[in-house]
Amino acid sequence: MTVLIIGGGAAGMVAALTAAESGHQVILTERQARVGRKLMATGNGRCNLTNLHTDPSHYHGQDPDFCRPALERFPVADTLKFFARLGLLTVSEPSGRVYPISNMAGSVLDVLRYALEQPAIELRTASPVVSLKKKGDLFTARTEDGQTISCDRVILAAGGAAGSKVGGVMDGYQLAKSMGHHRTALYPSLVQLRTDPTYPRALKGVKADACLRILQEGETVAQRQGEILFTEYGISGPAVFDVSRTAATGSEGMSAQLDFLPDYSWDDTLLWLRQRQQAMIGREAGLLLTGSVHTRLGQMLCKAAGFTNQPVSALTEKDLQAIARQLRSFTLPILGVCGFDQAQVTAGGLVTDEFDPRTMQSRLVPGLYVCGELLDVDGDCGGFNLQWAWSSGRLAGLLTT
């Protein structure tokens, strides 16, 4: 049986290896000049290939539980065994994130590329598929350069719209639509937040650990604790990425609230500020937070509270409370999120009700399978999206009817 796999990303490569392993002849097409280009950009070039804590609670979409059968059929343990057989050595961090021991994304891509070099797999790069049709039991695909491919099964693994600079395109959605499928609205996810730039611009490059809350009309709608990075247009960092889906898909009027001492009570915060005031007699008020946060951040928080050049000794209890509020609930109005070109993943995608989660096969077009980011499944930051790619690609590649 001939299997056409459209898309040579993470899901497509695993689907190709799985289908070939089952004895099928595979044609793997990829728009880019080489497979796995987006993989090289993951984990800041280190490739966070999975997470030991993977379960459906880390995934989102209209039906978050859609991912369960694939994750159970090809769990993290089996994924690590799969890569070990390819020769990849990995290491895990306390957070559950797993990386190649080389700390290089190229190591992951290399073992996959070498595994694809086998007689059962024909690799066609720089060969985007522009049309797909089915007549009887056979599919016919046409590439941009006018070639036609006839096959018995098709696996769509063309990826999402995110990361347009490294291969994110709309091809997969358009091909699925031509076969009768539908998609939800698409949003950038695992992406930076754009906020009122007044303070962030002055703090460009400053990092801080904080509890980040997304507020909508005063109510917390998302919350994460972790590293925050200030940019000239807003905030970035792992904690930001995890709440960015809420900011991207939500309505206007949201704000980001930062707590820089999340493990302290309010009373402990005020007690510490009083002690700092006594210890810094003769200093300027803008230096009061020295020792708790980055110096520039501390000065900015004091400025936001209304104090800079006044002597520390002049601060009243009410003044200390104002500084404490900035330290514990510094708030930035959210203007939006950055675009798909900077996003790591696409929120939304092909409607999962139209696919069988036990096989990844289309309920509308027998013989058509879809996996990876094309579907309305997206995970949290930390290796969960790549695990979905591996698991769904593996399940699709089994070509179970």
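Two residues are said to be in side-chain contact when any heavy atoms from C-beta on lie closer than 4.5 Å; L212 and Q225 fail this criterion. At least one side-chain heavy atom of L375 sits less than 4.5 Å from a side-chain heavy atom of W388. With contacts defined as side-chain heavy-atom distances shorter than 4.5 Å, the pair L4/R153 does not qualify. In this structure, V154 and I6 have side chains that are in contact, with non-hydrogen atoms separated by less than 4.5 Å. Side-chain contact check for L288 versus L320: some heavy-atom pair is nearer than 4.5 Å. Looking at S292 and W272, their side chains come closer than 4.5 Å, going by heavy atoms from C-beta outward. Side-chain contact between N385 and E373 is absent, with no heavy atoms from C-beta onward closer than 4.5 Å. At least one side-chain heavy atom of F66 sits under 4.5 Å from a side-chain heavy atom of V377.
A donor-acceptor contact shorter than 3.5 Å is absent between the side chain of S92 and the backbone of G96. Not a single donor-acceptor pair under 3.5 Å links the side chain of R328 to the backbone N or O of F260. Panel note: side chain D242, backbone D380; no donor-acceptor pair is recorded below 3.5 Å. The closest donor-acceptor contact from the side chain of T42 to the backbone of K38 lies at 3.5 Å or more, if one exists at all. Remark: side-chain polar atoms of Q277 are paired, donor with acceptor, to backbone N or O of V312 under 3.5 angstrom. When atom types are taken as modelled, the side chain of T184 and the backbone of G349 share a donor-acceptor pair closer than 3.5 angstrom. The closest donor-acceptor contact from the side chain of S362 to the backbone of L364 lies under 3.5 Å. With hydrogens and angles ignored, the 3.5 Å screen pairs a side-chain donor or acceptor of S392 with a backbone N or O of G372. Remark: side-chain polar atoms of T359 are paired, donor with acceptor, to backbone N or O of Q361 under 3.5 angstrom. A distance-only check finds no donor-acceptor pair linking the side chain of T18 to the backbone of G397 [under 3.5 Å].
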Inset, instruction - Kindly determine whether Y199 and F330 satisfy ring-ring contact (aromatic ring centres under 6.0 Å, His included), including the steps that lead there. - result: CA-CA 11 Å; Y199 292 114; F330 179 65; 5.6 Å; yes
Legend entry - Check against side-chain contact (heavy atoms from CB on, under 4.5 Å), D152 and L138: CA-CA 5 Å; D152 304 288; L138 286 178; 3.5 Å; yes
Legend entry - Criterion side chain to side chain donor-acceptor pair (under 3.5 Å) on Q147 and T143, from CA distance to verdict: CA-CA 5 Å; Q147 297 184 49; T143 60; 4.8 Å; no
Inset, instruction - Please test E317 against R274 for salt bridge (charged side-chain N to carboxylate O under 4.0 Å, His left out), starting from the C-alpha separation and ending with a verdict. - result: CA-CA 8 Å; E317 179 68 14; R274 295 186 195 108; 2.8 Å; yes
Inset, instruction - List the steps, then state whether side-chain contact (heavy atoms from CB on, under 4.5 Å) holds for L52 with V98. - result: CA-CA 7 Å; L52 300 178; V98 179; 3.9 Å; yes
Inset, instruction - Test N51 against T54 for side chain to side chain donor-acceptor pair (under 3.5 Å), laying out the working first. - result: CA-CA 6 Å; N51 195 298; T54 297; 5.1 Å; no
Inset, instruction - Could you walk me through whether Q310 and E284 pass the side chain to side chain donor-acceptor pair (under 3.5 Å) test, one step at a time? - result: CA-CA 6 Å; Q310 302 92 325; E284 294 179 352; over 6 Å; no
Inset, instruction - Test side-chain contact (heavy atoms from CB on, under 4.5 Å) on I334 and E252 and set out the steps. - result: CA-CA 8 Å; I334 295 176; E252 295 181 357; over 6 Å; no
Inset, instruction - For the pair I121 and L17, evaluate side-chain contact (heavy atoms from CB on, under 4.5 Å) and give the outcome as yes or no after the intermediate values. - result: CA-CA 8 Å; I121 300 176; L17 292 172; 4.0 Å; yes
Inset, instruction - Apply the test side chain to side chain donor-acceptor pair (under 3.5 Å) to residues T198 and D196: give CA-CA distance (whole Å), side-chain angles for both, the deciding distance (0.1 Å), then the verdict. - result: CA-CA 6 Å; T198 304; D196 183 318; 2.7 Å; yes
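Between the side chains of S265 and D267, not a single donor N or O lies within less than 3.5 Å of an accepting N or O.
Between E219 and R213, none of the side-chain N atoms (NZ, or NE/NH1/NH2) sits under 4.0 Å from a carboxylate O, so this pair counts as no salt bridge. Under 4.0 Å is where a charged nitrogen must lie from a carboxylate oxygen, and between E21 and R394 at least one such pair does.
Considering every non-hydrogen atom in both F340 and A161, the closest pair reads CB-O, 3.6 Å. Among all heavy-atom pairs drawn from R358 and L395, the shortest one is O-CD1, 3.4 Å. Contact between F139 and L368 at its shortest, heavy atoms only, is CZ-N, 3.9 Å. Residues R34 and T125 come closest through the heavy atom pair CA-CG2, 4.0 Å. The shortest heavy-atom contact between P366 and K134 is O-NZ, 2.6 Å. A pairwise comparison of heavy atoms in C371 and A157 identifies SG-CB, 3.7 Å as the closest pair.
One distance of note links CD of Q326 with CG of L289; it measures 10.0 Å at 0.5 Å rounding. Rounding to the nearest 0.5 Å places CZ of F83 at 6.0 Å from CG of L49. To the nearest 0.5 Å, the span separating CG on L86 from OG on S107 amounts to 12.5 Å. Between R183 atom CZ and L350 atom CG the span is 8.5 Å, to the nearest 0.5 Å. To the nearest 0.5 Å, atom OG of residue S95 and atom CG of residue N48 are 7.5 Å apart. Atom-to-atom distance recorded for Y187:OH and R245:CZ is 9.0 Å, nearest 0.5 angstrom.
Taking the six-membered ring where the residue is Trp, the centroids of W390 and F82 are separated by 6.0 Å or more. Ring centers of F355 and H181: under 6.0 Å apart, within the cut-off.
Counting non-hydrogen atoms of neighbouring residues, nucleotides and ligands closer than 6.0 angstrom, the CD atom of E217 reaches no more than 12 such neighbours. The number of heavy atoms from other shown groups lying within 6.0 Å of NZ (K303) does not exceed 12. Atom CE of M104 has 12 or fewer neighbouring heavy atoms from other residues, nucleotides or ligands inside a 6.0 Å radius. The environment of CG in D137 is sparse: at most 12 heavy-atom neighbours from other residues, nucleotides or ligands sit within 6.0 Å. Around atom OH of Y233, more than 12 heavy atoms belonging to other residues, nucleotides or ligands sit under 6.0 Å away. Atom CZ of R124 has more than 12 heavy atoms from other residues, nucleotides or ligands within 6.0 Å. Within a 6.0 Å sphere centred on CZ of R296, other residues, nucleotides and ligands contribute more than 12 heavy atoms.
By the 6.0 Å and 45° rule, R46 stacks over the aromatic ring of Y99.
Screening I214, L193, L190 for a side chain to side chain contact (heavy atoms under 4.5 Å, CB included) involving V240 leaves a single residue, L193.
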